[in-house]
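Below: the structure, in structure tokens.
Source: prediction; values computed, not measured.
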Amino acid sequence: MGQESFIYSFVARGTMILAEFTEFTGNFPAIATQCLQKLPSTNNKFTYNCDHHSFNFLVEDGYAYCVVAKDSVGKQISIAFLERMKVDFRKRYGGGKADTAVAKSLNKEFGPIMKEHMQYIIDHADEIEKLLKVKAQVSEVKSIMLENIDKAIDRGENLTVLSDKAETLRDSVRPRIQEKRDANPKKDVVPKYENKASGTRSPLASGSRNLALHLSWFRLHQLAQIIMGSVRLF
């Protein structure tokens, strides 16, 4: 990535730009401002393309973060810059200063910081792209794993239904077994699913199976969260 990869950037509260930075001249600030006026207020990411440039926006909690980049810059790289800038801005001004700042009053203070973040992303673009690929792969593995867990839980519920049917069948034949015992007391007739010593059911009952499946789901879900949390962009 070259030094001209990022052209212009700003931070806005609503539609009021609080800080902006650029080292170039052109109509891109006006186009970015027009886009800002039309942005939905919901938290999201947006990208518009115009004249070989991309206008990238990150909207979160009433604030909009924007960067204009050459179209050769990948969208995820631009979003990585916006995420980095957002974290720094909130850290510096999250205590209330940003809520009362007037238009472009933070230019002098935060403008140079925006330049530093641009330079950081430019210098580490290759590393960030590799991390983004790893994160996408981990996310895909997590989705597949959670889907398989859901299927396992569904199978666990089916096992519960079958176990309930088996229990009903056991209850229906128990009187006949008792009759045989009464008729032939010397012959110990015990169904295979009961313990001869206590007459209790095997611990592999439906509740145990279902509990084990849910515990497995919980542990695997925790593992997925740990894996996802270990992948950082910066």
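Each salt bridge (Lys or Arg N to Asp or Glu O under 4.0 Å) pair with one or both residues in residues 56-69, not counting sequence neighbours, appears once here: E60-K86, E60-R90, D61-R90. Applying the salt bridge (Lys or Arg N to Asp or Glu O under 4.0 Å) test to pairs two or more places apart or on separate chains, those with a residue in residues 69-78 are E4-K70. Residues in residues 24-37 take part in no salt bridge (Lys or Arg N to Asp or Glu O under 4.0 Å) pair, two or more places apart or across chains.
Take D99 and apply the salt bridge (Lys or Arg N to Asp or Glu O under 4.0 Å) test, not counting sequence neighbours, and it matches no residue. Scanning for ring pair (Phe, Tyr, Trp, His ring centres under 6.0 Å) contacts around Y65 gives an empty result, with sequence neighbours left out. Partners of P112 according to the side chain to side chain contact (heavy atoms under 4.5 Å, CB included) rule, which considers only residues two or more places apart in sequence or in another chain, do not exist here.
Cation-pi geometry between R92 and F110 is not satisfied (NZ or CZ under 6.0 Å from the ring centre, within 45° of the ring normal).
Looking at F81 and I128, their side chains never come closer than 4.5 Å, going by heavy atoms from C-beta outward. Between N56 and L82, some side-chain heavy-atom pair lies under the 4.5 Å cut-off. You'll find the side chain of L18 reaches within 4.5 Å of the side chain of Y63, heavy atoms only. Between F46 and P40 there is a side-chain heavy-atom pair separated by less than 4.5 Å. The shortest distance between side-chain heavy atoms of K97 and L106 falls below 4.5 Å. Residues C50 and F28 are not in side-chain contact: their nearest non-hydrogen atoms beyond the backbone lie 4.5 Å or more apart.
The NZ atom of K38 lies 12.0 Å from the OG1 atom of T33; values are rounded to the nearest 0.5 Å. Taken to the nearest 0.5 Å, the CD atom of E83 stands 12.0 Å off from the OG atom of S78. Note that OG of S5 is 11.0 Å distant from CD1 of I121, once rounded to the nearest 0.5 Å. The line from CZ of R84 to CD of E116 is 9.5 Å long, rounded to the nearest 0.5 Å. I122 CD1 to M118 CE: the interatomic distance, rounded to the nearest 0.5 Å, is 8.0 Å. Separation of atoms OG1 (T47) and CZ (F55) is listed at 11.5 Å; rounding is to 0.5 Å.
No hydrogens or angles considered: a donor-acceptor pair under 3.5 Å links the side chains of E109 and Y93.
In this structure, S54 and N49 approach most closely via the heavy-atom pair CB-OD1, 3.5 Å. The nearest pair of heavy atoms linking E23 to F21 is CG-CZ, 3.4 Å. Considering every non-hydrogen atom in both A12 and L36, the closest pair reads CB-CD2, 3.9 Å. Here the shortest heavy-atom pairing between H53 and I7 reads CD2-CG1, 3.9 Å. The nearest pair of heavy atoms linking Y8 to A32 is CE2-CB, 3.9 Å. Smallest separation of non-hydrogen atoms from M16 and A103: SD-N, 3.5 Å.
Of the candidates V68, I31, L39, Y48 forms a side-chain contact (heavy atoms from CB on, under 4.5 Å) with just one, namely L39.
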